[in-house]
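Down below is the structure, laid out as structure tokens.
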Amino acid sequence: MKSYQIITFGCQMNEHDSEVISGMLAQRGYTETEENPDIVIINTCSIRENADKRFFGTLGQLKKVKIANPDFAVCVCGCMMQQEHITTKLRQSYPWVDVIFGTHNIHEFPDMLEEMFEKRAAEGEWTVKQVRSSKEFRVDRIYEDRAEIVEGLPARRLFRHKSFVNIMYGCNNFCTYCIVPYTRGREKSRHPEDILDEVRGLVADGVKEVTLLGQNVNSYKGKTKIDEKTWDFTDLIYALNDIDGLERIRFMTSHPKDLSDRLIEAFAKCEKLCNYIHLPVQAGSSNVLKRMNRKYTREQYLELVRKLREAVPGIAISTDIIVGFPGETEEEFEETLSLAKEVCYDSAFTFLYSPRKGTPAAEYVDQIPEETKHVRFNRLVDIMNEGSKSRNAAFVGRVCRVLVDGPDKKESGILNGRTEEFKLVDFEGPEELIGQIVDVEITASNTFSLRGRMV
């Protein structure tokens, strides 16, 4: 059978989609490789403008491969395919792309791929001219949304000892800067029984840690199959906490407006729920948050942080922040800086605002100049790095339980792993420890990681 390579841009949701694509292809007999694959699948992201540029740059490079090897196949999927202006550009200017599919019909991809190969086989030997303009053999299906969640799809995990688990799909928040509700559709929650069964199966296969995924996991509302009783996200956490053999639970991403007192309490009561939360703030000014349609204020966000640290004093908090949102004044940006100092985050993803076609904010007239964005971005990063460095320094001398992920890519004999607080730890040890949880004394720290020795 043919070989394939998946190139993934974007978030953990995209990463897990790629694991599913890989699992489906492996089930059909395809093999994964990075050396001269027969098929390349690009799983796209539409959150940032930079991802768009990288996608089209990669696509341009693959055209050269295809001209040199007419049997080579190029497939594209992901969030960018749910944007009409992107797919129109692909269909008109990239006729040599073979398969196009979206976020709602991933489960159909293996059949679409084989349909494309059947069309090719019926044509016989290809000419260079056909390769350059082969859209007549293309298979192209994109759905606006999908009413039902397709269960039971295989996944080829990156790690044997940990796994992503989707608990819901889509988003109903419509933040004015965000394209996700348009590319992933409305919120749909899986039945809790299906989630629990999947996690039990993963644990039986050696998984120690699961990360629950959704555009907004703490708005989860899943109905049971028998009595249609509605579970919220905290109900699901408590049920997962009772699964024998599962050792760690994480989740990504949560929305501050849906972070309940009961979920905060679960951090203290559920021993398997890791002492870590990703809590995107996006901006430190209530005025900017209102223009973003985030549905909380600066004061409400800071109160959530206070409650989290009161319930679990050592909890690690990371965040997302957008710099240069349309209309952001210098005073409003200063509010973001002061919030970052006050919270003192363990880590942060900081972004320059980039307009996304189809979102309200893209039409705002008071766009911030790029030079101003970059100056503000650098000021924010300096503060964030100071916070990360100080939070990491507090770990020196502590003994942490580290789930070992694998060998360091640069330093021989060194292993990498994560603490409950999602801190990256480097320490010396044998590769037989990969997938195990070990005690590591932290001996040194820097801005982005810790160093330790096994106890």
Side-chain angles (χ1 to χ4, degrees), residues 8-21 24 41-48 51-52 55 75-91 97 99-113 115 138-153 155 164-192 194-195 198 212-223 225 228 230-231 233 252-253 255 257-258 293 295 356-362:
T8 306
F9 299 112
C11 65
Q12 289 90 347
M13 189 74 80
N14 274 27
E15 289 179 23
H16 188 46
D17 285 346
S18 291
E19 289 182 339
V20 171
I21 292 169
M24 292 189 296
I41 303 114
I42 308 177
N43 190 356
T44 64
C45 172
S46 59
I47 294 295
R48 309 289 169 201
D52 291 12
F55 164 62
C75 310
V76 293
C77 64
C79 293
M80 284 179 68
M81 300 308 105
Q82 298 295 146
Q83 297 177 271
E84 188 175 354
H85 69 284
I86 297 290
T87 52
T88 298
K89 180 177 180 178
L90 271 178
R91 289 160 181 158
V97 172
V99 180
I100 302 173
F101 61 108
T103 58
H104 305 300
N105 61 325
I106 286 174
H107 60 289
E108 295 182 348
F109 172 59
D111 291 333
M112 294 173 70
L113 183 63
E115 181 183 339
R138 174 187 293 160
V139 178
D140 179 351
R141 285 198 291 275
I142 296 172
Y143 305 151
E144 287 188 12
D145 206 341
R146 187 175 70 221
E148 299 297 326
I149 294 173
V150 179
E151 294 285 355
L153 297 177
F164 294 128
V165 176
N166 277 111
I167 66 168
M168 61 184 299
Y169 300 85
C171 183
N172 292 346
N173 289 317
F174 290 94
C175 300
T176 57
Y177 55 83
C178 186
I179 197 68
V180 166
Y182 309 97
T183 60
R184 289 282 180 176
R186 303 293 80 75
E187 285 183 0
K188 292 179 286 291
S189 296
R190 295 177 64 192
H191 294 296
D194 290 333
I195 298 169
E198 179 179 347
L212 309 179
L213 294 183
Q215 264 69 42
N216 179 18
V217 290
N218 48 352
S219 68
Y220 172 84
K221 293 286 185 285
K223 289 187 176 181
K225 292 181 177 179
E228 293 198 339
T230 299
W231 286 28
F233 184 58
M252 292 279 284
T253 284
H255 196 298
K257 74 177 179 62
D258 296 311
N293 194 35
K295 301 185 177 76
R356 300 286 78 198
K357 187 174 181 178
T359 62

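Below, each value reflects all heavy atoms present in this structure, side chains not excepted, and no hydrogens, waters or symmetry copies.
With values rounded to the nearest 0.5 angstrom, Gln215 atom CD is found 8.5 Å from Asn166 atom CG. Rounded to the nearest 0.5 Å, atoms CE (Met252) and CG (Leu213) are 8.0 Å apart. His104 contributes atom NE2, which lies 15.5 Å from atom CZ of Arg141 (distance to the nearest 0.5 angstrom). Going from atom CE of Met13 over to atom CG of Asn43 covers 11.5 Å, rounded to the nearest 0.5 Å. The line from CD1 of Ile167 to CD of Glu198 is 11.0 Å long, rounded to the nearest 0.5 Å. The CD1 atom of Ile86 sits 11.5 Å away from atom CD1 of Ile100, with the distance rounded to the nearest 0.5 Å.
Nearest approach of Phe164 to Glu19, heavy atoms of both residues: CD1-OE1, 4.0 Å. Minimum interatomic distance between Met24 and Pro110 (heavy atoms only, all atoms of both residues): CB-CG, 3.7 Å. The two residues Thr44 and Asn14 make their nearest non-hydrogen contact at O-ND2, 2.7 Å. The shortest non-hydrogen separation linking Thr359 to Cys178 is CG2-O, 3.4 Å. A pairwise comparison of heavy atoms in Thr103 and Gly78 identifies CG2-C, 3.6 Å as the closest pair. Minimum interatomic distance between Thr183 and Ser46 (heavy atoms only, all atoms of both residues): CG2-OG, 3.7 Å.
Between Leu212 and Phe233, some side-chain heavy-atom pair lies under the 4.5 Å cut-off. Asn293 has its side chain out of reach of Asn173: every pair of non-hydrogen atoms, C-beta onward, lies at least 4.5 Å apart. Looking only at side-chain heavy atoms (C-beta outward), Cys45 and Cys79 stay at 4.5 Å or farther from each other. For the pair Cys77/Ile41, a side-chain contact is recorded, criterion being any heavy-atom separation below 4.5 Å from C-beta on. Taking 4.5 Å as the limit, every side-chain heavy atom of Leu90 sits out of range of all side-chain heavy atoms of Met80. A heavy-atom distance below 4.5 Å is found between the side chains of Ser219 and Met168. You'll find the side chain of Val180 stays beyond 4.5 Å of the side chain of Arg356, heavy atoms only. Proximity of Cys75 to Phe109: side-chain heavy atoms (C-beta onward) are separated by under 4.5 Å at one or more points.
Few gaps surround NZ on Lys188; more than 12 heavy atoms of other groups in view lie less than 6.0 Å from it. Remark: Glu151 CD is packed, more than 12 non-hydrogen atoms of other residues, nucleotides or ligands lying under 6.0 Å away. Other residues, nucleotides and ligands contribute at most 12 non-hydrogen atoms within 6.0 Å of the NZ atom of Lys223.
Listed for the Asn216 side chain is a donor-acceptor partner under 3.5 Å among the backbone atoms of His255. Formation of a donor-acceptor pair under 3.5 Å by the Tyr220 side chain with backbone atoms of Arg190 is found in this model.
Ion pairing of Lys221 with Glu187 is absent here, as no side-chain N (NZ or NE/NH1/NH2) approaches a carboxylate O to less than 4.0 Å. Ion pair Arg184/Asp17 flagged as a salt bridge, since at least one NZ, NE, NH1 or NH2 atom sits closer than 4.0 Å to an Asp/Glu carboxylate oxygen.
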Full working for side-chain contact (heavy atoms from CB on, under 4.5 Å) between Asp194 and Lys225
CA-CA 9 Å; Asp194 290 333; Lys225 292 181 177 179; 2.7 Å; yes
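Ring to ring, Tyr143 and Phe101 are not that close: their centroids are 6.0 angstrom or more apart.
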